[in-house]
Amino acid sequence: MYSGVNLRLKTLHNSIMQIEKLSAVEIVAKVNSGELTATDCTQHFLDQIGKLNDANGGFLCTTEQSALPMAEAIDADRAAGKTLGPLAGLPVAVKDGICTKGHTTTAGSRMLSKFVPSYDATIVERLKSDGAIVIGKTNMDEFAMGSSTENSAYFPAKNPWNHDHVPGGSSGGSATAVAAEMAPVSIGSDTGGSIRQPASFCGITGLKPTYGRVSRFGLIAFASSLDQIGPMTHSAEDAALVMQSISGHDKHDSTSAVKNVPDFSTKLNQPLKGLKIGVCLEHFGDGLSDAVRKSVNDSIEVLKSLGATCQDIQLPYTQYAIAAYYVIAPCEASSNLSRFDGVRYTNRVTTDNLPDMYSQTRGEFFGNEVKNRILLGTYALSSGYYDAYYLKASKVRRMIKNDYDKAFESVDLILGPTVPSTAFKFGEHAADPIAMYLADIYTVSANLAGVPAISIPCGFDDDGLPIGLQLQAKRFDESTLLQAAHQYQTQTNFHKQRPR
Ligand code: GLN
């Protein structure tokens with residue numbers, strides 16, 4: 001009888017708390033203090049997914065079989081007086097291109113519909129050992145190729161602000177999960193904008209770390225010299241918390257940097273006085289919508305009022321970034337995806353001979369955009385064309401990097417819009433790949449140069465769709481990115497708005 005009353009009181013307390021509105025920092029603090037149990041928190045977000053996922057399509061599956069026991073173990077540790085990890089009790093949604101031991105990892109492809117990894121990606125291992133709880137795998141464009149999640153082989157994820165509009169891509173499901181309050185935090189991957197563009201479209205914060213800051217071990221590779229894993233959250237403060245867990249050298253990934261990881265939270269509260277911000281002129285040209293231009297210009301005034309100084313800078317070679325990216329990324333993809341041949345990992349078409357098995361398996365289980373990229377990449381790498389395409393694109397990539405190096409001699413951060421427009425409608429660019437590729441026009445150069453970049457909410461258009469501001473920093477200077485983003489978020493409340 002008493003326990004019945006207690007249970008009802010607890011339920012009442014939890015519903016007053018509105019767990020889905022809590023930040024990651026608040027969740028961790030409440031689990032630590034005992035005000036909220038990891039089990040209630042995890043169950044709450046699983047219930048949210050149950051209620052909201054049919055309409056939003058952010059998750060391909062939940063992982064409650066492992067999530068709930070993990071949450072119970074954290075509660076037991078707390079009851080036993082043990083010190084909890086820095087992320088104890090924090091539910092996290094993980095993009096389905098990232099391996100999770102014992103849980104299907106499809107990368108949004110029918111090729112991998114039955115692939116169950118026997119190991120966790122390094123970032124998943126780190127999140128779990130810090131006490132985070134993986135609650136599900138999020139929807140994505142097949143093999144992370146796309147900007148709308150329309151290329152998911154399963155179903156499209158939708159933009160929670162307006163279901164007629166795309167959430168962006170390729171980490172569209174991860175953006176939807178956070179924006180629709182189905183998860184407080186999610187993990188995405190970004191090869192040419194796949195964290196920042198959906199973050200911009202869905203009104204959340206998304207950080208692509210410096211190339212090498214976060215291990216790629218266990219990330220199903222799209223373009224290995226460009227791919228990075230990063231956090232998608234409501235705020236920069238939450239992004240800093242997640243970054244602390246996933247950053248750092250990993251012996252399983254030779255491209256992960258042997259570099260000290262700073263305490264990302266230390267700099268967050270430092271004032272911006274003296275910070276030099278470069279406004280990238282190339283990102284304010286034709287094709288930028290009026291609403292985006294206005295909001296980004298307004299954000300410059302906010303940053304100035306916080307003590308930053310702003311000056312115009314130029315990255316002249318970024319005009320070639322899309323062209324270079326759409327040669328380099330398909331080249332690497334054509335090589336990376338050759339492993340999906342029906343022999344290991346994947347589904348298989350059974351035939352009498354091996355060559356037919358390869359080609360029929362790939363013909364049957366890859367979607368059109370993936371085939372498109374494999375053909376482009378194979379062509380660009382083929383004998384006689386390599387110099388004209390891949391080599392030339394690599395040289396352009398170096399010129400873009402040189403532009404950044406030069407700009408960072410005079411400024412600390414580079415500012416501009418994340419995407420030229422707000423979220424487009426389903427089908428709007430589906431028939432025109434070039435129009436779709438142009439959605440990445442401001443994001444791809446950070447990947448080509450290897451610099452970190454963040455997208456934060458900075459306004460809404462007349463239709464109530466979110467607008468994103470992009471800040472880019474020197475290699476390994478995520479701290480300054482997070483500081484500027486956090487300071488901006490202390491003065492604005494765009495990141496606190498939620499879709500109805
Ligand atoms: N939209 C870009 C592409 O289709 C970027 C994708 C990504 O960052 N994974 O390649």
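Both counts, for ligands and for their atoms, begin at 1 and track the order of listing.
Taking the six-membered ring for Trp and the full ring otherwise, Y326 and Y437 have centroids separated by under 6.0 Å. For an aromatic pair to be called close, the ring centres must be under 6.0 Å apart, and H165 with F424 fails this. No close placement of the W161 and F201 rings is indicated, their centers lying 6.0 Å or farther apart. For F365 and F340, the ring centers sit 6.0 Å or farther from each other.
At least one side-chain heavy atom of L303 sits less than 4.5 Å from a side-chain heavy atom of Y488. Side-chain contact between I414 and I277: absent, with no pair of heavy atoms (C-beta onward) separated by less than 4.5 Å.
Near Y326, the atoms of ligand 1 lying under 4.0 angstrom from a non-hydrogen atom of the residue are 1 (N), 2 (C), 3 (C), 4 (O), 10 (O). Distances below 4.0 Å separate heavy atoms of S170 from the following atoms of ligand 1: 9 (N). Here is the list of ligand 1 atoms found below 4.0 Å of a heavy atom in F222: 9 (N), 10 (O). Which parts of ligand 1 touch A144 is read off a 4.0 Å heavy-atom cut-off, strictly below it: atoms 6 (C), 7 (C), 9 (N).
To the nearest 0.5 Å, atoms OG1 (T191) and CG (L448) are separated by 11.0 Å.
Looking at ligand 1, you won't find any N or O of D190 less than 3.5 Å from one of its N or O atoms. Here's the thing with G192: one of its N/O atoms is less than 3.5 angstrom from an N/O atom of ligand 1. Annotation: R373 places an N or O atom under 3.5 Å from an N or O atom of ligand 1; distance criterion only. Inclusion of G146 in the set of residues having an N or O under 3.5 Å from an N or O of ligand 1 is warranted.
Ligand 1 does not have A329 within reach: every non-hydrogen atom of the residue lies 4.0 Å or more from it. Under a 4.0 Å heavy-atom criterion, Y325 is in contact with ligand 1.
Residues S479 and F264 approach most closely at OG-CD2, 3.7 Å, considering heavy atoms.
Only the side chain of D440 comes within 4.0 Å of ligand 1, judged by heavy-atom distances.
The protein heavy-atom contact nearest to atom 6 (C) of ligand 1 is S194 OG, 2.8 Å.
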